[in-house]
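Throughout, a chain's letter reflects where its sequence line sits, starting with A, and its residues are numbered from 1.
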2 protein chains.
Amino acid sequence: MRPTTKDLAEAAGVSLATVDRVLNERPNVSNKVTLKVTEAIERIGFVRNPAAVALARNKTYRFRFVLPTSGDQYLAELIARVSEAREALRADATEVEIAQIAMSDPHQIAKYLTGIDHDAMDGVAVMAPESPQVRDALLRLVERGVKAVQFLSGQERLENADYVGVDNFAAGATAGKIVGSFTGGRPGKIMIVAETMMALDSIQRRLGFDSIINARFPHLESLPSLETYGDEKRADLIIQRTLQHNPDTVAVYVLSSEARVPLTAVWNTQGARALTVVAHERTPFSEQALMDERIDAVIAQDPGHAVRSALRIMRARSDHREPLASQERIRIEVLLKENLQFE
Amino acid sequence: MRPTTKDLAEAAGVSLATVDRVLNERPNVSNKVTLKVTEAIERIGFVRNPAAVALARNKTYRFRFVLPTSGDQYLAELIARVSEAREALRADATEVEIAQIAMSDPHQIAKYLTGIDHDAMDGVAVMAPESPQVRDALLRLVERGVKAVQFLSGQERLENADYVGVDNFAAGATAGKIVGSFTGGRPGKIMIVAETMMALDSIQRRLGFDSIINARFPHLESLPSLETYGDEKRADLIIQRTLQHNPDTVAVYVLSSEARVPLTAVWNTQGARALTVVAHERTPFSEQALMDERIDAVIAQDPGHAVRSALRIMRARSDHREPLASQERIRIEVLLKENLQFE
DNA sequence: CAAGTTTTGAGGTGCGCACCTCAAAATTCG
DNA sequence: CGAATTTTGAGGTGCGCACCTCAAAACTTG
């Protein structure tokens, strides 16, 4: 039979009240007794029954995902995964909320974060672009006891917050390796498109991409990054112009999670000319394009995994436990037509 | 406040005893009352508190992984992940065991499975080669109430057991796509090596591989599968002979999870000649070879994920819950030097 | 309608722990 | 040394549910 607190008290030669004091780090316990108890814990292999703890504490956890409003398909997928997790966690006395706020103004984001009632919130997962204001606001939240997760976002990593997401330099490098390998030694140019190069993640991906192209595929040349600013007309224009100026373009790499606009522009001007195309994130659009062989590879980070990982981390931190690192690493996935799996 | 069984009883206009009968599917409840209760559950949004259930039931779950004895590095990794999970689940009243048995004789495996005490076991995850005896033994286990998972193995899928692992045809196809794309249009032969082609998973990978090579890369020719039978001497011999007979070999595809023996043989005879090399499973060996750029890509299924998935499934089945399919899909990972991540 | 059967209710116990109170014992300090 | 302070123990309550018993009520059936 598994030892209970009662067994532990007996083994340590102390009372249940003292065991309780040690286990829950209550004040007024002598070092001597603390030692006796911790020693007994080791000796008899006592492990707290989490079910009993949860029941006795009768606490409900409250976590919130702070996401952008302006939505590409990846964001929609993300929200769907959060909703899924919300349902699944309802049973476990865990409330999961989604807040969508405009990400254009850093002050706005900071203000929102500052306004969060830290007594009613156990953890927040924030997906927001890098800015000092946001960083400060997040730090203040952490100081007030709210567990924070930097979520899939191009922010500078904070010391006292967890990060969920991939290494974007490595993701870019992976894209570079794929582009270089798939073009089969043909020399030429690579067109690189982003929504904006203001985001840290885009910059890191570009750096990773270039590092591989330069080192391993010197016969390829990465063109300067084109920025669409999410504007369809603008995208059409600059992409068309770039392709015409560079008839020896052999590949396209889309840095941002929204690939529809730039790639539609490419296909409109390009016709059926063979281009190696690599994009980021699995969305209905990229899925379809992979199936149609109009995209060769997608570099992805699984949103479902990311959401669950963020929740597990916030939960662990709330319980003063260490999250299991090996489980929380988000993989850089390489999706081809062949290993796309549906359900 | 979250509704309890008491609230539910009140809302349904029945007693707590009746609520208990409905919730736990005890006999002697009229349809009328069952309906009243289920309706009330919907109406007030009642959700059982799993912590309270676990505490009241005070049940310990017992799951066992049945794995092969003869061990390549992937098996070692798998065992490490099971041990990790065992520690993590100790708190949750879940005992995880590992049994290693010789997989050479199907009767032996079947006998072992049949010998499992079905009263003391809630679920088994079996990694064993295909055979009618094993299939029968597994079915009988299931009939006796033990939840079964076909674990990373080349068995024919059973109706009343869950499967954890990748689609091996797709995995082979993915390997084919990588080989075809990475060889850059050079015509030539592909050497294919397996430990044995008796295993269903090897066959399926080969079929998937060929389907892509034939359809998309007709300038490449897949050679007949070489079988090492795990014998180093034999591997050296047949691989050396094959390479000499086929000087136009441009790629090597290792079907089995143990790639060390065949690839060492290849490198010994081949010297520094440029070959595209694709293997399966992430192991210390394949990791190192990826870093050294002696392997170009590894097709992998994450053993940690597989183990946790099997455990979640067995746990869900034991509780008569449906596992969350989207979370349990094992991905076919494509690992390159660039997206290897350590921790 | 009586005797049997099925269905429902009332009530209790215990799972393992957190959290609380009050008193007794041990220690510290002036 | 006595008084103030800290440490320890004893004991109780409740978290939400499963599981049990016994009796009462509601249906069947011949």
Side-chain angles (χ1 to χ4, degrees), chain A residues 1-41 44-61 89-94 122 318-321, chain B residues 1-41 44-61 89-94 122 318-321:
Chain A
M1 212 47 201
R2 185 175 157 170
T4 69
T5 45
K6 211 171 154 186
D7 302 321
L8 178 55
E10 201 169 318
V14 299
S15 70
L16 270 172
T18 300
V19 164
D20 173 65
R21 289 186 183 103
V22 174
L23 286 182
N24 297 295
E25 297 179 334
R26 299 184 209 286
N28 295 329
V29 188
S30 68
N31 288 334
K32 204 178 61 184
V33 172
T34 306
L35 227 72
K36 266 182 18 182
V37 174
T38 51
E39 180 273 330
I41 288 177
I44 69 173
F46 171 81
V47 182
R48 275 236 246 324
N49 182 331
V53 173
L55 190 57
R57 287 217 176 103
N58 200 21
K59 163 179 177 47
T60 68
Y61 296 83
L89 289 181
R90 251 167 48 100
D92 282 311
T94 303
D122 295 291
S318 297
D319 293 342
H320 305 102
R321 286 182 296 110
Chain B
M1 212 49 201
R2 188 175 153 168
T4 69
T5 45
K6 211 172 156 185
D7 302 322
L8 178 56
E10 200 169 319
V14 299
S15 70
L16 270 172
T18 300
V19 163
D20 173 66
R21 289 185 183 105
V22 173
L23 286 181
N24 297 294
E25 297 179 337
R26 298 186 208 286
N28 295 328
V29 188
S30 68
N31 288 335
K32 205 179 60 186
V33 172
T34 306
L35 227 73
K36 267 185 10 187
V37 174
T38 51
E39 179 273 331
I41 289 176
I44 68 173
F46 171 81
V47 182
R48 276 236 250 319
N49 182 330
V53 172
L55 190 58
R57 288 216 177 105
N58 199 23
K59 162 178 177 47
T60 68
Y61 296 84
L89 288 181
R90 252 167 47 101
D92 282 311
T94 303
D122 295 291
S318 297
D319 292 342
H320 304 103
R321 286 183 295 110

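When the side chain to side chain donor-acceptor pair (under 3.5 Å) test is applied to A/Thr94, no partner is found at least two apart in sequence or on another chain. The side chain to side chain donor-acceptor pair (under 3.5 Å) test applied to A/Asn58 returns no partner, not counting sequence neighbours. Residues meeting the side chain to side chain contact (heavy atoms under 4.5 Å, CB included) test with A/Thr5, sequence neighbours left out: A/Leu16, A/Val19, A/Leu23, A/Phe46. Not counting sequence neighbours, the partners of B/Glu39 by the side chain to side chain donor-acceptor pair (under 3.5 Å) test are B/Arg43. A/Thr60 pairs by the side chain to side chain donor-acceptor pair (under 3.5 Å) definition with nothing, not counting sequence neighbours.
The OG1 atom of B/Thr38 sits 9.5 Å away from atom CG of B/Leu8, with the distance rounded to the nearest 0.5 Å.
Across all non-hydrogen atoms, the minimal contact from B/Ala51 to A/Leu55 is CB-N, 4.2 Å. Taking each heavy atom of B/Ala12 and B/Ala40 in turn, the nearest pair found is CB-CB, 3.7 Å. When every heavy atom of A/Ile44 is checked against every heavy atom of A/Pro3, the shortest pair comes out as O-CG, 3.7 Å. A/Arg2 and A/Asn49 make their closest contact through NH2-CA, 3.5 Å (heavy atoms, listed as atom of the first residue, atom of the second, distance). When all heavy atoms of B/Arg48 and B/Arg57 are compared, the closest pair comes out as NH2-NH2, 3.9 Å.
In summary, the side chains of B/Tyr61 and B/Asp319 do present a donor paired with an acceptor at a separation below 3.5 Å, with no hydrogens or angles considered.
Over its length, the helix from C/dC1-D/dG30 to C/dG30-D/dC1 turns its helix axis by 10°, as judged from the five terminal pairs at each end, rounded to 10°.
The stretch residues 9-17 of chain A has no heavy atom under 4.0 angstrom from DNA chain C at all. Annotation: proximity of residues 22-33 of chain A to DNA chain D (heavy atom, distance under 4.0 Å) is found for A/Asn28, A/Val29, A/Ser30, A/Val33, numbered in ascending order.
Applying the salt bridge (Lys or Arg N to Asp or Glu O under 4.0 Å) test to residues at least two apart or on different chains, the pairs with a partner in residues 16-34 of chain A are A/Asp20-A/Arg26. Here salt bridge (Lys or Arg N to Asp or Glu O under 4.0 Å) pairs that include residues 6-18 of chain A, with residues two or more places apart or in two chains, number zero.
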Contact list (N/O, under 3.5 angstrom) for nucleotides 3-5 of chain D vs protein:
none

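Within the 4.0 angstrom heavy-atom criterion, only backbone atoms of the sugar-phosphate kind lie near A/Arg48; the bases stay farther away. Residue-level contact check: A/Asp20 touches the bases, meaning some heavy atom is under 4.0 Å from a base atom.
Reading DNA chain C from its 5' end, the first and the last nucleotide to sit under 4.0 Å from a heavy atom of chain B are C/dT7 to C/dG16.
Taking 4.5 Å as the limit, some side-chain heavy atom of A/Asp122 sits within range of a side-chain heavy atom of A/Lys59.
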